[in-house]
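Report on the structure given below.
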Amino acid sequence: MDAILNLCKRRGFVFPSSEIYGGLNGFFDYGPLGVELRNNIKQAWWQDFVHRRDDIVGLDSSIIHHPTTWKASGHVENFTDPLVDCRESKMRYRADQLFFAAVRVAGETIGYVSVLEDEGMQAKAEEAAQDLKRKLARQGALEPVVLRDFTEASPEEIPLVPSPATGKPGSLTPPRSFNMMFQTHVGAMQDASAVAYLRPETAQGIFINFKNVVDTGRVKLPFGIAQVGKAFRNEINPRNFIFRSREFEQMEIEYFIAPTADWEAAHKGWIESCLAWFESIGIPRSKLSLYAHPKEKLAHYSKGTVDIMFEFPFGVQELQGVAARGDFDLTQHSEVSGTRLDWFDEAGKTRFIPHVIEPSVGVDRVFLALLATAYHEDEVEGEKRVVLRLPARVAPYKAAVFPLLKNKPELVERAKALHARLRRRFNVYYDEAGAIGRRYRRQDEIGTPYGITVDFETVEKQAGVTVRDRDTLEQVRMSEDDLVRFLDEKVGG
Ligand code: GAP
């Protein structure tokens, strides 16, 4: 993870937001290369799920909706996380990410340990338990520690659990509900009547436009509405770099099906489509797994949710959620707004509220998963090399063009002309500074898949250019026309 962070900063993928003012926790800025990678992820997703399908149309709704949207959707009441304060350190924790256990020796509880959700949580807790035992210098066999999350702590246990910040018990408060929506005011008045929210998901913008799309979009059930856009959550503990931030971007589809349709089959089908899409953009199946939410922990709108998990450097964590939301949202908005958000079935001459399957993924998490998969260190010609093995479709630059030597005008001229030709269709870099090996290395580190060199044979014998493959290091010669076709095929997806 450190190596990825370092590369992101050094090469201009991601910067801490407002860095000159000391940064702002949970916010990030994407630099020149980061914005390209992000745009390519979004473009690939849009192409595959909207342009290349007959049954999904797009939408771009406003970020701030009428505030009643969030009452109807249940977010004002339910979009909360359980918050725990440490009165001494002033640290704040999410109770469901704060785990604790009683330490028992020979059947007797001798104290409590706590640990924050992280990789190797159980191992860390065992270690802390041993430590506690050493401190108390008691004899007897230590029983295995059994972790529970802090939402399950009884009122008697709460004062006994040590704060992760101080290591001492007595300062943690009982969990209380904390609403994660950012509030703002619309217009000049700052009173309660002007309160509005920054959307915490793009999904509601889709539901409240359901009728508009049905009336204008020539859609037929089953069909989907897709949206890509920013979402905001006042996360208690933003962490793991861009994995959990307070401003992020989502790519969501609401896929509407008839209430009589087999929702479980549709849900399963979407999980498979999402897994296949991840593989197609370079996130291997071997790093992905599924986690079905237990019934009692489902979000307020869900009939069933399966998370697609990715093996991040800090542990296996959610990359995407695929939820079956039933008819919850359209029913709520119909009832609260008084506008019928339903579907008229011509064949059966019936009206009904469709059910919905919702694949929802964060752009920033896909970004991180791609970097974590692509980052490699190897050795080329006896030198350590950092290489990002990003697929051409998502790589910031598709190729880099180099004249072999900077001081040969005929090479420079030809390379610049080729660069100008290629950049009409692809994002291509031009570099003439330094030894050719160094120029290749600079591109390897930012994931550019092809290095194109204009040399004397290109100019004197019209022998084409050399194309070096970032991963195999093989070089082949091809004409400039063939190169355009070659790149088209590699980049297209
Ligand atoms: N509309 C459903 C919904 O928003 P979610 O599981 O809360 O469901 C969907 O979020 C996806 O959005 C997650 O799988 C994750 O990829 C991304 N996401 C959620 N919270 C995030 C955060 N704080 N930072 C970055 N990405 C986040």
Side-chain angles (χ1 to χ4, degrees), residues 14 17 24-28 30 38 41-42 45 59 61 63 65 69-70 73-75 78-81 94 96-97 117 178-182 197-208 224-255 267 270-271 274-275 277-278 283 288-293 297-310 312 314 316-326 328-330 332 356-372:
V14 186
S17 172
L24 185 61
N25 196 9
F27 296 89
F28 293 91
Y30 285 82
R38 267 175 84 84
I41 293 168
K42 290 188 277 182
W45 187 88
L59 179 82
S61 71
I63 285 176
H65 308 332
T69 307
W70 305 107
S73 68
H75 283 77
N78 297 314
F79 197 62
T80 56
D81 268 346
R94 255 175 66 177
D96 57 344
Q97 291 177 349
E117 183 188 72
F178 170 77
N179 195 298
M180 287 194 289
M181 284 195 293
F182 280 103
Y197 305 94
L198 302 192
R199 67 181 176 202
E201 60 171 17
T202 66
Q204 296 306 320
I206 297 179
F207 294 123
I208 59 177
I225 306 178
Q227 172 155 235
V228 176
K230 290 273 182 156
F232 304 82
R233 294 182 190 179
N234 198 359
E235 295 280 357
I236 295 168
N237 270 327
R239 61 203 177 120
N240 290 329
F241 191 37
I242 53 174
F243 175 81
R244 190 184 305 287
S245 53
R246 290 179 166 139
E247 175 178 336
F248 55 97
E249 198 156 6
Q250 288 185 317
M251 305 187 282
E252 298 200 293
I253 296 168
E254 302 303 329
Y255 195 77
H267 189 217
W270 269 105
I271 296 165
C274 295
L275 288 169
W277 186 74
F278 286 133
I283 299 175
L288 297 169
S289 53
L290 299 179
Y291 169 75
H293 287 218
K297 291 206 169 169
L298 287 175
H300 63 275
Y301 51 75
S302 176
K303 282 166 73 171
T305 299
V306 169
D307 288 342
I308 298 181
M309 312 291 281
F310 176 77
F312 286 100
F314 42 83
V316 174
Q317 296 276 350
E318 175 185 341
L319 176 60
Q320 164 150 42
V322 187
R325 292 176 87 122
F328 175 84
D329 303 87
L330 290 182
Q332 283 295 111
V356 73
I357 307 291
E358 178 198 63
S360 168
V361 63
V363 177
D364 314 80
R365 289 196 188 173
V366 176
F367 186 103
L368 190 54
L370 275 171
L371 285 185

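Remember, it's 1-based here, ligands and their atoms both numbered in the order they're listed. Residues take their numbers from the sequence shown, with the count starting at 1. Treat the numbers as computed from the prediction; the structure is a model and nothing was measured.
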**Item:** His267 side chain to Ile357 backbone, donor-acceptor under 3.5 Å
**Value:** no

**Message:** Checking the side chain of Gln227 only, and the main-chain atoms of Thr202 only, is there a donor and an acceptor separated by less than 3.5 Å?
**Reply:** yes

**Request:** Hey, can you tell me if Phe314 and Phe243 have their rings parallel, tilted or perpendicular (30° and 60° cut-offs)?
**Result:**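 Aromatic pair Phe314/Phe243 classed perpendicular.
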
**Request:** Step by step, work out the side-chain contact (heavy atoms from CB on, under 4.5 Å) result for Gln317 and Glu117.
**Result:** CA-CA 11 Å; Gln317 296 276 350; Glu117 183 188 72; 4.1 Å; yes

**Message:** Among residues at least two apart in sequence or on other chains, which ones pass salt bridge (charged side-chain N to carboxylate O under 4.0 Å, His left out) with Glu235?
**Reply:**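 Glu235 satisfies salt bridge (charged side-chain N to carboxylate O under 4.0 Å, His left out) with Arg94 only.
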
**Message:** Residues around ligand 1, heavy atom under 4.0 Å from any ligand atom, sorted by chain and number. Can you pull those?
**Reply:**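 Within 4.0 Å of ligand 1, protein side: Glu201, Ala203, Arg233, Glu235, Phe243, Arg244, Ser245, Phe248, Gln250, Glu252, Tyr301, Glu318, Leu319, Gln320, Gly321, Arg325, Glu358, Ser360, Val361, Gly362, Arg365.
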
**Message:** Regarding Arg199 and Glu252, does a basic nitrogen lie under 4.0 Å from an acidic carboxylate oxygen?
**Reply:** no

